[in-house]
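A short write-up of the structure that comes next.
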There are 2 protein chains.
Amino acid sequence: MPNSEVSMGRSDDRDIRRRQIAAALLRVAGAKGLHAATMRAVAAEAGVSLHLVQHYFETKEQLMLFALRHLAERMATRIKEDLGALGAAPAPRQVIETVLTRALPTDEESRVFHLVYTSYAMLAVTDAALRHQPFLAAPDAMERFVAEQVRLAQESGDMPRGVDPALTAAALVAMSAGLGTSVLLGQRSAEDALTVIRQTLGGPAPDAATGA
Amino acid sequence: MPNSEVSMGRSDDRDIRRRQIAAALLRVAGAKGLHAATMRAVAAEAGVSLHLVQHYFETKEQLMLFALRHLAERMATRIKEDLGALGAAPAPRQVIETVLTRALPTDEESRVFHLVYTSYAMLAVTDAALRHQPFLAAPDAMERFVAEQVRLAQESGDMPRGVDPALTAAALVAMSAGLGTSVLLGQRSAEDALTVIRQTLGGPAPDAATGA
């Protein structure tokens with residue numbers, strides 16, 4: 001989009017700067033852990049002054065939340081691309097599998113996503129300033145999206161009725177998060193985690209899957 | 001056991017000291033996060049010198065691993081007590097529900113357990129010294145135990161056959177871990193998490209459960 005460069009004003013410049021600083025935070029967190037991503041460490045990684053970081057983000061909490069939102073937006077974009085690749089009118093169960101699979105740490109971006117989100121959550125347990133940021137909006141939205149797909153799958157007879165879609169979605173998203181952590185730790189491979197997801201979603205039985 | 005006091009020698013004294021220091025680490029981690037539990041902070045919390053902490057634990061990694069093992073032992077004891085309360089020959093599905101439920105953060109001890117274990121896991125992702133400690137022994141053992149119960153439940157016709165017990169166990173334990181995090185963050189109550197676990201294990205349908 002050439003126009004965006006032509007029309008770039010102060011607010012675009014501010015947004016670019018903020019994204020650069022957030023990217024620096026994610027590099028520090030990916031290499032040394034989120035607890036090491038102080039304003040000072042992020043400034044050093046971005047090659048700017050601490051004062052400049054503080055100009056764009058009043059507090060560390062605001063900077064972390066901005067970085068989390070950036071991660072969540074990127075994840076949403078990648079999921080949309082994956083869903084687009086499924087073709088027109090994919091089966092809801094396939095949609096769910098795609099969403100849960102994308103959340104697994106399979107490459108550097110999804111590795112950082114999982115690490116930073118889970119680390120933020122753990123820091124938030126003992127840090128009230130982090131806990132009071134609205135960082136659960138994206139996970140909540142993901143759970144609602146999966147619940148709607150479960151409902152659609154039930155309507156089309158592709159998933160068993162008689163279970164509550166919201167509870168099923170909560171179970172699936174929690175499972176995906178737990179599997180993601182185990183992949184991050186090398187407890188199992190991403191392929192093995194995917195096999196767990198597929199069996200849980202009720203794909204073909206192991207015997208029947210040999211031809212797949 | 002009065003005898004243990006009578007026969008207390010140097011190795012008992014050493015063990016008690018180590019447990020006291022580990023307990024101090026868990027208090028620091030529970031209040032300020034595991035990343036804040038430096039050897040110095042733990043010494044201050046325990047009311048002993050840094051030198052004494054270093055006498056009992058050569059490295060921070062050894063101290064953390066000792067504390068994790070203590071947590072895992074306590075969790076195993078509590079699970080055994082819960083299972084004992086189920087009476088003779090409980091149904092395997094009830095055993096699984098009991099294990100998964102106990103892992104939820106429902107009181108201070110289980111809250112610290114979940115927080116410290118997940119925090120350790122996240123720190124280990126970017127800290128090779130932590131990663132190389134054998135901290136996954138307890139989660140792996142829990143998964144194997146649940147897999148065996150799934151197999152028994154399948155044999156007795158209480159859970160559907162045609163699914164792999166090890167994969168089902170991996171899904172259930174990952175779900176329990178993910179739900180635990182959401183409870184820790186206040187995303188849902190422990191009661192709601194328990195409802196998710198019960199539906200996943202295939203208890204009575206919501207309509208039929210009103211009389212329970």
Side-chain angles (χ1 to χ4, degrees), chain A residues 28-36 105 111 114-116 118-127 131 135-136 139-140 143 160-164 166-182 184-188 192-193 195-200 202 205-208, chain B residues 28-36 105 111 114-116 118-127 131 135-136 139-140 143 160-164 166-182 184-188 192-193 195-200 202 205-208:
Chain A
V28 172
K32 297 177 188 172
L34 187 62
H35 63 285
R111 192 190 80 91
H114 194 92
L115 172 64
V116 170
T118 310
S119 297
Y120 185 98
M122 287 307 111
L123 294 180
V125 172
T126 51
D127 185 332
R131 195 164 60 249
F135 69 101
L136 292 171
D140 283 345
E143 214 173 289
R161 295 165 196 250
V163 292
D164 180 67
L167 294 180
T168 302
L172 291 172
V173 172
M175 174 191 70
S176 172
L179 288 174
T181 296
S182 72
L184 212 53
L185 298 173
Q187 201 180 0
R188 61 174 54 80
D192 286 350
T195 306
V196 174
I197 290 173
R198 285 193 173 139
Q199 174 176 292
T200 303
D207 289 347
Chain B
V28 173
K32 297 177 186 172
L34 187 61
H35 63 285
R111 192 190 81 90
H114 194 91
L115 172 63
V116 170
T118 310
S119 297
Y120 186 98
M122 288 307 111
L123 294 179
V125 172
T126 52
D127 185 332
R131 194 163 61 251
F135 70 101
L136 292 171
D140 283 346
E143 215 173 289
R161 293 163 196 251
V163 292
D164 180 68
L167 294 179
T168 302
L172 291 173
V173 172
M175 175 192 70
S176 171
L179 288 174
T181 297
S182 73
L184 213 51
L185 298 172
Q187 200 179 1
R188 62 174 54 80
D192 286 351
T195 306
V196 173
I197 290 173
R198 286 193 171 140
Q199 174 176 291
T200 304
D207 287 348

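Lettering of chains follows the sequences in order, A, B, ..., and the numbering in each one begins at 1. Source: prediction; values computed, not measured.
For A/A121, the parts lying near chain B are the backbone and the side chain together; criterion is any non-hydrogen pair under 4.5 Å. No part of B/D127 comes within reach of chain A, as not one of its non-hydrogen atoms sits under 4.5 angstrom from that chain. For a residue to count as touching a neighbouring chain, one of its non-hydrogen atoms must lie under 4.5 Å from one of that chain's; by this rule A/A29 touches chain B with the backbone only. Within the 4.5 angstrom heavy-atom criterion, atoms from both the backbone and the side chain of A/L185 approach chain B.
In plain terms, the two heavy atoms of A/A174 and B/M175 that are nearest each other are CB-O, 3.6 Å. Taking both residues in full, the closest heavy atoms of A/V196 and B/A170 are given as CG2-CB, 3.9 Å, listed atom of the first, atom of the second, then distance. Between A/D140 and B/Q187, the closest heavy-atom pair is OD1-NE2, 2.8 Å.
Applying the side chain to side chain contact (heavy atoms under 4.5 Å, CB included) rule to B/T168 yields the partners A/Q199, B/V150, B/M159, B/V163, B/L172; only residues at least two apart in sequence or on another chain are considered.
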Given side-chain contact (heavy atoms from CB on, under 4.5 Å), test A/T118 with B/T181 step by step and report yes or no.
-> CA-CA 9 Å; A/T118 310; B/T181 297; 5.5 Å; no
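When the candidates A/A177, A/G30, A/S119 are compared by the number of heavy-atom contacts under 4.5 Å with chain B, A/S119 comes out ahead. Counting heavy-atom pairs under 4.5 Å between each of A/L115, A/L179, A/L34 and chain B puts A/L115 at the top.
Between atom CG of residue A/L184 and atom CE of residue B/M122 there is a gap of 5.0 Å, rounded to the nearest 0.5 Å.
Just one of A/T200, A/D192, A/I197, A/T195 meets the side-chain contact (heavy atoms from CB on, under 4.5 Å) condition when paired with B/L167; it is A/T195.
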